[in-house]
Amino acid sequence: MGGGDELADRGGLGGDGLGDRGEVSDRGGLGDRRDRGPSNIVARPQVIARGGQLTITVDGCRNGGTASSRAFRPTTLTPTRGAAEPARGRATVHRDARPGNYDIHVNCDGATLTRPRAFTVIGGVRGGLGGSSTNGATPTDMAIGGGLVGAALLGGGVFWMRRRAEKRF
């Protein structure tokens with residue numbers, strides 16, 4: 001993975017003289033990053049199943065803010081230990097979210113920032129008769145199970161009756 005891809009994976013802005021946590025490097029001359037608003041949106045885990053919990057961190061949100069996406073309800077970002085630490089929030093991905101990549105939009109300190117393709121939602125495994133993804137036993141499962149139990153009882157009864165008849169001779 002190249003340097004530019006690595007920065008993109010960590011949510012960095014790339015090419016602006018900033019390090020991966022939003023601080024100014026020796027090469028940059030952009031001033032204090034904390035005064036510039038939100039930066040470096042990171043979602044963990046980057047791949048998540050529907051209904052899972054996502055942790056969002058954002059640098060530069062001194063007073064907190066909100067994070068939103070099509071995959072979850074808007075969630076509050078809470079500042080942690082002062083301006084040097086990122087603001088954090090937890091969001092639950094909708095159970096009916098479609099599999100795919102989702103953006104995260106952050107609004108804090110009067111500024112907005114979007115991280116495209118911040119995380120990926122994966123769908124559940126589909127298997128069984130007709131690709132069903134329901135929870136628990138379906139009516140078809142119950143009918144098949146009942147039939148198997150009935151056949152086992154009938155077979156056991158026939159076997160027992162034959163053994164009993166053999167002992168009489």
Across all chains, not counting sequence neighbours, the side chain to side chain donor-acceptor pair (under 3.5 Å) partners of Asn63 are Asp109

For the backbone of Asp103 and the side chain of Ser69, can you confirm whether one donor and one acceptor N or O come within less than 3.5 Å of each other?
yes

Distance col, row Ile41:CD1 vs Thr114:OG1, nearest 0.5 angstrom, shows 6.5 Å

Side-chain contact test, heavy atoms from C-beta onward, threshold under 4.5 Å: evaluate it for Thr112 versus Val106 and give yes or no.
no

Working for side chain to side chain contact (heavy atoms under 4.5 Å, CB included), residues Val47 and Ile122
CA-CA 7 Å; Val47 178; Ile122 57 174; 3.6 Å; yes

Where do Ile56 and Val42 land on the side chain to side chain contact (heavy atoms under 4.5 Å, CB included) test, with the steps shown first?
CA-CA 6 Å; Ile56 303 161; Val42 178; over 6 Å; no

side-chain contact (heavy atoms from CB on, under 4.5 Å) with Asn101: which residues, sequence neighbours excluded?
Arg117, Thr120

Minimum heavy-atom distance between Thr80 and Pro86, given as atom pair plus value
OG1-O, 2.7 Å

Apart from Leu154 itself, members of its ILVMFWY cluster (side-chain separation under 4.5 Å) are none

Non-neighbouring partners of Arg70 that pass side-chain contact (heavy atoms from CB on, under 4.5 Å), sequence neighbours left out
Tyr102

Correct closest heavy-atom pair for Ala97 and Arg50 would be O-CD, 2.8 Å

Name all residues meeting the side-chain contact (heavy atoms from CB on, under 4.5 Å) criterion together with Pro45; count only those two or more places apart in sequence or in a different chain, and write none if there are none.
Ile48, Leu54

How is the hydrophobic cluster of Trp160 composed, in terms of its other members, when Ile, Leu, Val, Met, Phe, Trp and Tyr link through side-chain heavy atoms under 4.5 Å apart, directly or indirectly?
Met161

Of the non-hydrogen atoms in Cys61 and Pro38, which two are nearest, and what is the gap between them?
SG-CB, 4.1 Å

Side chains of residues 87-95: which donor-acceptor pairs under 3.5 Å do they make with residues two or more places apart or in other chains?
residue : atom : partner : partner atom : Å
Arg90   : NE   : Gln53   : OE1          : 2.9
Arg90   : NH1  : Thr55   : OG1          : 2.8
Arg90   : NH2  : Gln53   : OE1          : 2.7
Thr92   : OG1  : Gln53   : NE2          : 3.4

Who are the side-chain contact (heavy atoms from CB on, under 4.5 Å) partners of Ser68, not counting sequence neighbours?
Pro74, His105

